Amino acid sequence: MTPTNLTIRPIEARRIEERLDGIVPDIERFVLEPLIAEIEQLKKDRNAVVLAHNYMTPDIFHGVADLRGDSLQLARLAADTEADVIVMAGVHFMAETAKIVNPDKTVLIPDMRAGCSLAESITGADIRLLRQRYPGVPVVTYVNTSAEVKAESDVTCTSSNAVAIVESLDSDRVIFLPDQYLGKWVASQTDKDIILWHGSCMVHEKFTGAELREYRDLYPGIQIIAHPECPPDVLDEADFVGSTSGMINWVKDEVPRQVVMVTECSMSDNVAVESPETEFVRPCNLCPHMKRITMEGIRDALLHMQHEVDVPGEIAERAKVAVDRMLAVGATR
Ligand code: 13P
Ligand code: SF4
């Protein structure tokens, strides 16, 4: 089978020996395939699904993920699944969001330490202070935040719907937090006055415009596509700006000869499997939080039903209002 076919069929329809064909070296398949078989059996026993973010390593992304996507897609998929157990192969805020939209399901994360520099940059108390300073101004909160922060917000957003969410509000001024760079990008796409917070992503803030200009010199004609968590000088250099799934779709639709995906490292590895016509130039900025999720960790999560992510009732209820508002805006556009 060709690598392209690998992702067309749902994972349960693929033989385990086919899943990592051409994706990891044969020596690694020897270790990984028994692990995949164990995980598949545990998924059946527990009536569980593995939801995987686009930044997971290729063994997870192509080997055991039932459903894959960006933050918005994962939130929607979590809301729709009929499984009893959700294993979030992603970071903690993604697992919390899955729990918020699915309070009756068991949500597991393979490693509780899988956090996010953006989520760490702000607390619920910070939002209460912002509301005192800017009375009546609505608060739009990026999903890369804790449930406590979401509970203090009017509506959440992701990188794929941030502009639409801001535009949907009946106010000329909007508080947008915590990502200053995503907020600046949104400000460049709307006439609304955006009040920013000072958070940033430790992975995307490392990219520079100068580095991308070097790629243009080194690889004439290369296409540069970037995640909106990057600083403005990086986004100014980009041919396309979008969420992780937005970037993947752009590559599939445009089929560029050469591309650099200005985002976390594993994504190019995952997409390259599905886009053999495109050459990927790969700067490697890894997210240390995403990389805490491993195949063994997923197996252990299902085996021992660990580590359960819970959100206290009152916080979950208020956070759900903000998340549901976001999902409703997406549904009407
Ligand atoms: P996406 O919603 O675009 O997948 O982004 C999530 C994230 O953590 C990017 O760093
Ligand atoms: Fe957070 Fe950045 Fe890692 Fe995404 S890549 S989870 S925004 S630290």
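Values reported hereafter were calculated over all heavy atoms of this structure, with side chains retained and with hydrogens, waters and symmetry mates removed. Given the structure is predicted, the values throughout are model-derived calculations rather than measurements. Each ligand, and each atom within it, is numbered from 1 in the order the structure gives.
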Atoms in ligand 1 flagged as close to [X], the criterion being non-hydrogen separation under 4.0 Å:
| X | answer |
| --- | --- |
| H204 | 10 (O) |
| S71 | 1 (P), 2 (O), 4 (O), 5 (O), 6 (C) |
| E229 | 7 (C), 9 (C), 10 (O) |
| D70 | 1 (P), 2 (O), 4 (O) |
| S159 | 1 (P), 2 (O), 3 (O) |
| T244 | 1 (P), 3 (O), 4 (O) |

Partners meeting ring-ring contact (aromatic ring centres under 6.0 Å, His included) with F93 (sequence neighbours left out): none

Listed partners of Y215 passing ring-ring contact (aromatic ring centres under 6.0 Å, His included), at least two apart: none

Shortest protein contact, atom 8 (O) of ligand 1 (heavy atom only): N144 ND2, 3.3 Å

Proximity flag C201 to ligand 1, non-hydrogen atoms under 4.0 Å: no

M247 near ligand 1 by a heavy-atom separation under 4.0 Å: no

Within reach of ligand 1, part of V203 (heavy-atom separation under 4.0 Å): neither

Structural part of E264 in contact with ligand 1, heavy atom criterion under 4.0 angstrom: neither

Ion pair R216/D239, N-O distance below 4.0 Å: yes

Are any of the N/O atoms on [X], whether in the backbone or the side chain, positioned under 3.5 angstrom from an N/O atom of ligand 1?
| X | answer |
| --- | --- |
| H227 | yes |
| S243 | no |
| H53 | yes |
| N54 | no |

Subset of ligand 2 atoms that lie under 4.0 Å from at least one heavy atom of Y55: 5 (S)

Whether Y55 and H204 hold their rings parallel, tilted or perpendicular, with breakpoints at 30° and 60°: tilted

Criterion side-chain contact (heavy atoms from CB on, under 4.5 Å) against V329, the qualifying member of N161, D324, L169, I165: I165

Sole residue of D66, L74, V107 in side-chain contact (heavy atoms from CB on, under 4.5 Å) with L51: L74

Which atom of E167 lies closest to which atom of D191, heavy atoms considered: OE2-N, 4.3 Å

Criterion side-chain hydrogen bond (donor to acceptor under 3.5 Å, both in side chains) on T158 and S160, from CA distance to verdict: CA-CA 5 Å; T158 72; S160 63; 3.1 Å; yes

Polar side-chain atom of R173 near backbone of Y134 as donor-acceptor pair, under 3.5 Å: no

Neighbouring protein N, O or S atoms of atom 2 (Fe) of ligand 2 [cut-off: under 2.8 Å, no waters]: C201 SG

Summary of disulfide (SG to SG under 2.5 Å) pairs that have at least one residue in residues 198-289, sequence neighbours excluded: C265-C284

